[in-house]
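All remarks here apply to the structure that follows.
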Amino acid sequence: MNYLVVGAGNAGRPVARLLNNQGHKVIITDPKELSDFKVEFQRFLIQMEKEGVILDLGNPDPSLDGIDIVYKAPTLPDSAPIAKKIAEANVDVLSNEEFSIMLNDLIPVDIIGITGTMGKTTTTFITTSLFKQAGYKVWSCSSLVNNLVSEAIIDGVVKGEAENCDIAIFELPHGTIGLLNKLDLKIGLLTNIAEDHLSEFDGSLEKYQQRKLILEAMSETFISNDSCRSIISKVRNDAIYYALDKDVDFKGIVGDESLTIEYGEDKFTAPFNMMSYFFENALAASALALTYGIKKEDIITALTEFRGLPAHMEYVGDYNGRDVILDSAFLYDGMKITLEYFKDDNVILFLDHFDTLSKRDKAEVGKLVGEYVDVIIASGFNEVTQEVEIEAAHEILDAIENPNAIKVAVETIEKAAELTFKYSKPGDIILHMGPLIAYDRLTTVDKIMKGLEEGSRKYE
């Protein structure tokens, strides 16, 4: 078949790559030139071209001549000339549902899917650890591999990982769920739903909830945090619930460097040498593993050995006597947990731009951090738009009510990291918080590390 994929964005690229991998002739078109895309997206597109996808970029009026089937990116407006041309032409349109079924047929093993507003990356990571401890060969896809998880999944299919594993464990953000909405999940798990990403859903929490609940419809067995019971119970009466310190199907009890899990007539305690930040996610992963059939002995061993994951309270080193911690918390509850953990330390905090694809309440961030920290350095560089939006940094800083706070707005995250040394002394904690590590880990961490190295030299 001859396919035209309209839009070389986050949906179009994985669709085009998989169609090409399955032997179809594929053209991907976009009005933007290759150079207009972020560098990592340029790399994806160039790789796709090497694999056989035809790039038709910088073309505002692509042709439908010889095209059998079209895929339209969800962001393509009906008013666009190519959308009108497709509507008037006698050409089939590939839906997300049809594409998802195509992908599902290429994955011969059980699939576990994990979603939520917070904790889905951590839960995916811990779940993967539990299954590996039990001897499974795991194909795991999460934002730690690629922020665009759909591309990571397609990459795994193209490279044969789908056929060379015992189980697939996928983190499924709301964008990936929208594209891959017909996967057959052996078990689906929902960590929570908080008010985030609403700018992508016309400001509607209900629309955001409905997107997350697609996971429930895909799941043979469904597990949820008890905080979501009120919305889950309306659509499913056989859901399994987990929570800390509540009498639910899987109850977690936090001890002194331990986690006790009670379920049915059984329970066990695992040494767990992490801060409270991770306990609920470890409980979720354990509930999922136990439901699948993993032995509690393997879970105990894996939790005992667990030492965190990149960008979640990640210790990156001692710089001139300062311990540097990177944390990707960006929602109120997650940030508060992190700040509480360091409340007895002298913290120098640097923040990245808090808007990604979603617009967030930056004044709320400022009010919160001002309660805990006396030095706050905020970056105004938006990694998504690749533009300096210094007003976003000022929006955070202007909301800080602490009259003694030192507040600095800078243009880049590198400069923010560098200046932490100007305002710190040996024995202090340098702490990063914000969403960009989760959005684009490789680029953001590289920039932060360059800033830290420059700052440690400059202010030595």
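Remember, it's a predicted structure, so these values are computed and weren't measured experimentally.
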Atom pairs and distances, side-chain donor-acceptor, residues 67-74, under 3.5 Å, sequence neighbours left out:
from  : atom 1 : to    : atom 2 : distance (Å)
Asp68 : OD2    : Asn2  : N      : 2.9
Tyr71 : OH     : Asn96 : OD1    : 2.7

Return all side-chain donor-acceptor pairs below 3.5 angstrom for residues 19-28, not counting sequence neighbours, or 'none' if the list is empty.
from  : atom 1 : to    : atom 2 : distance (Å)
Asn20 : ND2    : Glu51 : O      : 3.1
His24 : ND1    : Met1  : N      : 3.4

Which atom pairs, donor and acceptor, lie under 3.5 Å between side-chain atoms of residues 287-295 and protein residues at least two apart or in another chain?
from   : atom 1 : to     : atom 2 : distance (Å)
Thr291 : OG1    : Ala287 : O      : 2.7
Tyr292 : OH     : Asp110 : OD2    : 2.7

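A heavy-atom distance below 4.5 Å is not found between the side chains of Glu220 and Leu185. The side-chain heavy atoms of Ser224 and Ile240, taken from C-beta on, include no pair separated by under 4.5 Å. Using a 4.5 Å heavy-atom cutoff, the side chains of Ile325 and Val316 are not in contact. The side-chain heavy atoms of Leu326 and Ile448, taken from C-beta on, include a pair separated by under 4.5 Å. Side-chain contact check for Asn225 versus Leu190: every heavy-atom pair is 4.5 Å or farther apart. Two residues are said to be in side-chain contact when any heavy atoms from C-beta on lie closer than 4.5 Å; Tyr242 and Tyr263 fail this criterion. Contact check for Glu305 versus Gln133: side-chain heavy atoms found under the 4.5 Å cut-off. In this structure the side chain of Phe44 reaches within 4.5 angstrom of the side chain of Glu151, judged on heavy atoms.
Remark: side-chain polar atoms of Glu163 are not paired, donor with acceptor, to backbone N or O of Gly160 under 3.5 angstrom. Remark: the backbone N or O of Ala282 is paired with a side-chain donor or acceptor of Ser286 at under 3.5 angstrom. Checking side-chain atoms of Asp249 against main-chain N and O of Tyr241 turns up a donor-acceptor pair under 3.5 Å. The backbone N or O of Gly116 lies less than 3.5 Å from a partner atom in the side chain of Lys120, making a donor-acceptor pair. Of the possible donor and acceptor atoms, none in the side chain of Arg360 sits under 3.5 Å from a partner among the backbone N and O of Asp355. Between the Asp56 side chain and the Thr29 main chain, no donor and acceptor come within less than 3.5 Å of each other. Put simply, the side chain of Asn192 gets close to the backbone of Thr117: a donor and an acceptor are under 3.5 Å apart. Side chain of Arg17 to main chain of Met48: no donor-acceptor pair is present (N/O by atom type, distance under 3.5 Å, no hydrogens or angles). When atom types are taken as modelled, the side chain of Ser100 and the backbone of Lys182 share a donor-acceptor pair closer than 3.5 angstrom.
Residues Ala83 and Leu76 share a closest heavy-atom pair of CB-CD2, 3.9 Å. Heavy atoms only, all atoms of each residue included: Ile300 and Ala270 are closest at CA-CB, 4.0 Å. Shortest non-hydrogen contact noted between Leu179 and Ser150 is CD2-CB, 3.9 Å. The two atoms that bring Leu215 and Leu189 nearest to each other are CD2-O, 3.4 Å, heavy atoms only. The minimum heavy-atom distance linking Leu130 with Ala302 is given by the pair CD2-CB, 3.4 Å. Residue His353 comes nearest to Leu436 through the heavy atom pair O-CG, 3.9 Å, listed as atom of the first residue, atom of the second, then distance.
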Going through the checks in order, is the side-chain contact (heavy atoms from CB on, under 4.5 Å) test met by Val157 and Trp139? CA-CA 10 Å; Val157 172; Trp139 172 32; 3.9 Å; yes
Let me see the working for Phe99 and Leu18 under side-chain contact (heavy atoms from CB on, under 4.5 Å), right down to the final yes or no. CA-CA 9 Å; Phe99 176 75; Leu18 185 66; 3.5 Å; yes
Check the pair Phe381 / Glu411 against side-chain contact (heavy atoms from CB on, under 4.5 Å), numbers first and verdict last. CA-CA 6 Å; Phe381 186 76; Glu411 293 187 342; over 6 Å; no
I would like to know whether Glu40 and Lys38 meet salt bridge (charged side-chain N to carboxylate O under 4.0 Å, His left out); could you show each step before the answer? CA-CA 6 Å; Glu40 61 267 32; Lys38 290 181 64 175; 3.2 Å; yes
Intermediate values then yes/no, ring-ring contact (aromatic ring centres under 6.0 Å, His included), Phe279 and Phe272: CA-CA 8 Å; Phe279 277 96; Phe272 196 61; 5.0 Å; yes
Kindly indicate, with the supporting measurements, whether the criterion side-chain contact (heavy atoms from CB on, under 4.5 Å) is fulfilled by Tyr136 and Thr128. CA-CA 9 Å; Tyr136 284 80; Thr128 298; over 6 Å; no
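With hydrogens and angles left out, the side-chain atoms of Lys137 and Asn164 include a donor and acceptor closer than 3.5 Å. Side-chain contact annotation: Glu387 with Asn382, donor-acceptor N/O pair under 3.5 Å absent. Defined by atom type and a distance below 3.5 Å, a donor-acceptor pair is present between the side-chain atoms of Thr115 and Lys212. A side-chain donor-acceptor contact under 3.5 Å links Asp327 and Thr338. With 3.5 Å as the limit, one finds no donor-acceptor pair spanning the side chains of Ser142 and Thr124.
Ile114 contributes atom CD1, which lies 11.5 Å from atom SG of Cys141 (distance to the nearest 0.5 angstrom). The line from CG of Leu283 to CZ of Phe250 is 8.5 Å long, rounded to the nearest 0.5 Å. Here CD1 of Ile187 is found 9.0 Å from OG of Ser219. Values are rounded to the nearest 0.5 Å. With rounding to the nearest 0.5 Å, the separation of CD in Glu391 from CG in Asp398 is 11.5 Å. Here the NZ-NZ distance, from Lys367 to Lys362, works out to 13.5 Å after rounding to the nearest 0.5 Å. Atom CZ in Phe306 sits 5.0 Å away from atom CZ in Phe278 (nearest 0.5 Å).
Ion pairing between a basic and an acidic side chain is recognised when a charged N comes within 4.0 Å of a carboxylate O; Asp226 and Lys246 show such pairing. Ion pair Glu414/Lys447 not flagged as a salt bridge, since none of the NZ, NE, NH1 or NH2 atoms sits closer than 4.0 Å to an Asp/Glu carboxylate oxygen. Of the charged side-chain nitrogens involved, at least one lies within less than 4.0 Å of a carboxylate oxygen, so that Lys296 and Asp266 count as a salt-bridged pair.
Within a 6.0 Å sphere centred on CG of Asp78, other residues, nucleotides and ligands contribute 12 heavy atoms or fewer. In Asp238, the CG atom is crowded: over 12 heavy atoms of neighbouring residues, nucleotides or ligands sit closer than 6.0 Å.
Lys85 is linked by a salt bridge (charged side-chain N to carboxylate O under 4.0 Å, His left out) to Asp61, counting only residues two or more places apart in sequence or in another chain. Listed by chain and number, the residues in a side-chain hydrogen bond (donor to acceptor under 3.5 Å, both in side chains) with Glu297 amount to none (sequence neighbours excluded). Residues forming a side-chain hydrogen bond (donor to acceptor under 3.5 Å, both in side chains) with Lys132 (at least two apart in sequence, or on another chain): none.
Here the options are Asn104, Leu180, Asp184, the test is side chain to side chain contact (heavy atoms under 4.5 Å, CB included), and the partner is Ile111; only Asn104 passes.
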